[in-house]
Amino acid sequence: MKALVLTSTDGTLEFTSAEEPAAGPGMAVIALQAAAVNRRDFWITQGGYPNIQAPCILGSDGVGIVETVSEGGDPSWLGKEVVIYPSLDWGESQEAQGEDFRILGMPDHGTFAEKISVPLQQLAEKPAHLTIHEAAALPLAALTAYRALFLQGQLQPHESILITGIGGGVATIALKMAHASGARVVVSSSSDEKLARAISLGASAGVNYTGENWAERFLSEHGRLDLILDGAAGRDFGALLPLIRPGGRVVSYGGTAGPSVTFPIRYHFWNQLQLIGSTMGSPSDFADMISFVEKHELRPEIDSVTPLEEGVDLISSMARSPQFGKLVLQIS
Ligand SMILES: NC(=O)c1ccc[n+]([C@@H]2O[C@H](COP(=O)([O-])OP(=O)(O)OC[C@H]3O[C@@H](n4cnc5c(N)ncnc54)[C@H](OP(=O)(O)O)[C@@H]3O)[C@@H](O)[C@H]2O)c1
């Protein structure tokens, strides 16, 4: 079969031939129809990810049709359209993942391929209201957004939230989820065009974080918030803390703008803020996320759909962040 394979630990990614997977015990083989790209795939090609191994097929998000189920597995999955839960071996605790936790697509072979073999417990039926491309864009970003907003962030319907870097895949679905929950959503972006799109999707206001003194202007225009959801970190992280009300929270799930932050500690202790981390989600978070998406008929924002064979160029284009929403790969 054809796949996007990391062929060297120096980050070389190639569209090449790979061995077809078989359904080992407790596994299913899925004929993939579409996959979606995450920032993680880009970091891996830049050597900026822990424990990189090669060769490995990348990709954490996928949708497809169940082709084979191992002996003794539930045959009712055969022929179903499924999305794949991308957290492997989360563990027993709802509080955090265990030692064996891995994300699909490194070191286990991922979804940028014509076929994949995954444990049967990773399968969920594709939400009926989603297209194949929307379903491919859902799992990792929506799982991360759901846990960060509602489990770690405890967002309440009467509250206000700032979602930073709204062009990101997690941020765009987080906007839709927070809006659907009844919260007031404000967003930030480097692009006025992306801010306008976010407002058309339910944000009540937006601020361009590249502008001079943007945080001060934000405060005078919008007042303090209950919660901030941030996947950027970097130099501007410290500017976020004064925007939170005393007793408020910031949930951090990524570091696109750089792993080191300035942290004005006085806002943290004086305003009794909670700084909370969030990563992916547990099996019950995934099931709850799917139910939430179905109940509110939410659709992930798709930036573009690109054939799998052009995936190497697509992933390298993530050095810039021109996208609004998810980059999807068409497979079959
Ligand atoms: N913890 C987890 O489980 C988990 C899961 C998924 C992703 N992540 C991490 O979360 C981050 C976002 O991932 P993603 O796939 O959703 O995003 P993405 O699609 O890669 O988009 C990144 C976005 O970051 C924004 N950005 C860049 N610099 C910024 C800054 N200084 N301030 C605010 N925003 C900034 C940009 O927003 P604008 O274009 O609007 O300016 C850009 O569109 C990545 O670091 C990723 O590795 C973590």
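Each ligand, and each atom within it, is numbered from 1 in the order the structure gives. What you see is a predicted model; the values in this text were computed from it and never measured.
- Between Phe150 and Phe292, a ring centre-to-centre spacing shorter than 6.0 Å is recorded.
- Pairs of residues two or more places apart, or lying in two chains, that qualify as salt bridge (Lys or Arg N to Asp or Glu O under 4.0 Å) and include a residue from residues 132-150 are Glu134-Arg299, Arg147-Asp285.
- The ring-ring contact (aromatic ring centres under 6.0 Å, His included) search around Phe42 returns none, not counting sequence neighbours.
- For the salt bridge (Lys or Arg N to Asp or Glu O under 4.0 Å) test with Asp226, the passing option among Arg249, Arg184, Arg245 is Arg245; the others fail.
- Taking a heavy-atom cut-off of under 4.0 Å, ligand 1 is surrounded by Arg39, Trp43, Leu140, Thr144, Gly165, Ile166, Gly167, Gly168, Gly169, Val170, Ser189, Ser190, Lys194, Tyr209, Gly231, Ala232, Tyr253, Gly254, Gly255, Thr256, Ala257, Ser278, Thr279, Met280, Ser321, Gln323.
- Using modelled atom types and a 3.5 Å distance limit, the side chains of Ser332 and Gln33 yield no donor-acceptor pair.
- Counting Ile, Leu, Val, Met, Phe, Trp and Tyr side chains that sit under 4.5 Å apart, directly or through other members, Ile199 stands alone, with no cluster partners.
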